[in-house]
Engineer: 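My questions all concern the structure below.
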Amino acid sequence: MSVLNVLLSPDRLLVAVDTLAEDAQTGHHSAGAKLLLIPQHTVVMACRGSAQFFLKIYDLALQASFRADFTLEGVMAEVGPTIDRLWPTYLQAADAFSLPRQNLRTELVVGGWSPSQHRMMATAYSKHAVETPALIQPLMGGMASPGEPLRGRPDSFDPTEVMKAGVLQATYLNEKTGRQVAGGSLLVAQLREREVRINEWPFVQRDLVRRQPGWVRPDQPATSACDAI
């Protein structure tokens, strides 16, 4: 599980994700780039769920970005069918490693500046381990995943509020599962027309998550690279 937030206005797009990645086989933690750019087109892609699946989708979009006819609308139209086309191969790979199919899912967001529409646009996609097409949802004002801990909170581009939202969501996910599945740092991409900026904001709150056996708190040294959160 991860944090994936999107705020969208006609002239501005903000996408925030946490960086905690977990190896599906060993459970070891690392820092993952769940947010990647196609900067020459002011486009961002972000994920929640399988990082390997996301990287494959991103790789295909990055290759397409070199075409002369590349557009944001074009790549957003292709992501859904591409997810469906690649999903069976993803399931086969998961079966080969004895990973439970019920845990397989991906949530993706593609967004950026549309020169033809003269505004920011974003679309969310989700796919689970079922034989149904990917769910495609054009975004209006944004989205928050998970959304439960942010109910009643107003949307805000203010950095302090963006960070507070990430802390609430990471805490909620970790408390809900009883182990650390979100955290690390918050990667925040902010896009305007012909402008892309990414910031990394570490989760420095001491009590962000409940302490569990084998965990390393942010204020304690890690005993090995695999133990670092």
Engineer: For the OG atom of Ser126 and the CD1 atom of Ile136, what is their distance to the nearest 0.5 Å?
Structural biologist: 9.5 Å
Engineer: For the CG atom of Leu173 and the CZ atom of Arg179, what is their distance to the nearest 0.5 Å?
Structural biologist: 11.0 Å
Engineer: Drop me the distance from Lys56's NZ to Thr89's OG1, to the nearest 0.5 angstrom.
Structural biologist: 9.5 Å
Engineer: Once side-chain contact (heavy atoms from CB on, under 4.5 Å) is applied, do any residues pair with Gln92, and if so which ones, sequence neighbours excluded?
Structural biologist: none
Engineer: One pair to check against side-chain contact (heavy atoms from CB on, under 4.5 Å): Met45 and Ile57. What are the steps and the verdict?
Structural biologist: CA-CA 9 Å; Met45 301 182 69; Ile57 299 293; 3.8 Å; yes
Engineer: Under the salt bridge (charged side-chain N to carboxylate O under 4.0 Å, His left out) test, which residues partner Arg197, sequence neighbours left out?
Structural biologist: Glu195
Engineer: List the residues meeting side-chain hydrogen bond (donor to acceptor under 3.5 Å, both in side chains) with Arg192, not counting sequence neighbours, and say none if there are none.
Structural biologist: none
Engineer: Could you grab the distance from atom CG of Leu91 to atom CG of Leu86, nearest 0.5 Å is fine?
Structural biologist: 11.0 Å
Engineer: Return the CE to CG distance between Met163 and Leu168, rounded to the nearest 0.5 Å.
Structural biologist: 10.5 Å
Engineer: Applying side-chain hydrogen bond (donor to acceptor under 3.5 Å, both in side chains), name anything that partners Glu193, two or more places apart in sequence or on another chain.
Structural biologist: none
Engineer: Look up atom CD1 in Ile198 and atom CD in Gln190, then write down how far apart they are to the nearest 0.5 Å.
Structural biologist: 10.0 Å
Engineer: Would you indicate whether the side-chain heavy atoms of His28 and Glu22 approach each other to under 4.5 Å?
Structural biologist: no
Engineer: Does Gln52, at its CD atom, have more than 12 non-hydrogen atoms belonging to other residues, nucleotides or ligands within less than 6.0 Å?
Structural biologist: no
Engineer: Contact between Ile83 and Tyr125 at the side-chain level, heavy atoms closer than 4.5 Å - yes or no?
Structural biologist: yes
Engineer: With a cut-off of 3.5 Å and sequence neighbours excluded, list every side-chain donor-acceptor pair involving residues 105-113.
Structural biologist:
residue : atom : partner : partner atom : Å
Glu107  : OE1  : Ser145  : OG           : 3.1
Glu107  : OE2  : Arg48   : NH1          : 3.1

Engineer: Give every donor-acceptor pair under 3.5 Å between a side-chain atom in residues 31-42 and any protein atom, sequence neighbours left out.
Structural biologist:
residue : atom : partner : partner atom : Å
Lys34   : NZ   : Ser2    : OG           : 2.8
Lys34   : NZ   : Asp18   : OD1          : 3.2
Lys34   : NZ   : Asp18   : OD2          : 3.4
Lys34   : NZ   : Leu20   : O            : 2.5
Gln40   : NE2  : Ser65   : OG           : 3.1
His41   : NE2  : Ser65   : O            : 3.0

Engineer: Kindly write out the residues that satisfy side-chain hydrogen bond (donor to acceptor under 3.5 Å, both in side chains) with Thr123, not counting sequence neighbours, or none if the list is empty.
Structural biologist: none
Engineer: Salt bridge (charged side-chain N to carboxylate O under 4.0 Å, His left out) with Asp158: which residues, sequence neighbours excluded?
Structural biologist: none
Engineer: Contact between Pro159 and Trp201 at the side-chain level, heavy atoms closer than 4.5 Å - yes or no?
Structural biologist: yes
Engineer: In terms of hydrophobic clustering (I, L, V, M, F, W, Y; side-chain heavy atoms under 4.5 Å; direct or indirect links), are Val196 and Leu14 co-clustered?
Structural biologist: no
Engineer: Does Ser114 reach the side chain of Met120, with side-chain heavy atoms less than 4.5 Å apart?
Structural biologist: no
Engineer: Within the distance-only criterion (no hydrogens, no angle test), does the side chain of Gln169 pair as donor or acceptor with the backbone N or O of Val3 below 3.5 angstrom?
Structural biologist: no
Engineer: Of all residues at least two apart in sequence or in a different chain, which pass the salt bridge (charged side-chain N to carboxylate O under 4.0 Å, His left out) check with Asp59?
Structural biologist: none
Engineer: By the side chain to side chain donor-acceptor pair (under 3.5 Å) test, which pairs, at least two apart or in different chains, include something from residues 76-85?
Structural biologist: Asp84-Lys127
Engineer: Apply side-chain contact (heavy atoms from CB on, under 4.5 Å) to residues Phe157 and Ser9 and explain how you reach the verdict.
Structural biologist: CA-CA 10 Å; Phe157 285 94; Ser9 70; 4.3 Å; yes
Engineer: Not counting sequence neighbours, which residues clear salt bridge (charged side-chain N to carboxylate O under 4.0 Å, His left out) with Arg67? List them please.
Structural biologist: Asp69
Engineer: Can you tell whether the side chains of Arg119 and Asp11 come within less than 4.0 Å, N to carboxylate O?
Structural biologist: no
Engineer: Between Leu191 and Val43, does a side-chain contact (heavy atoms from CB on, under 4.5 Å) hold up when you go through it step by step?
Structural biologist: CA-CA 8 Å; Leu191 287 71; Val43 171; 5.8 Å; no
Engineer: Please identify each residue that fulfils side-chain hydrogen bond (donor to acceptor under 3.5 Å, both in side chains) with Tyr90, with sequence neighbours left out.
Structural biologist: Ser50
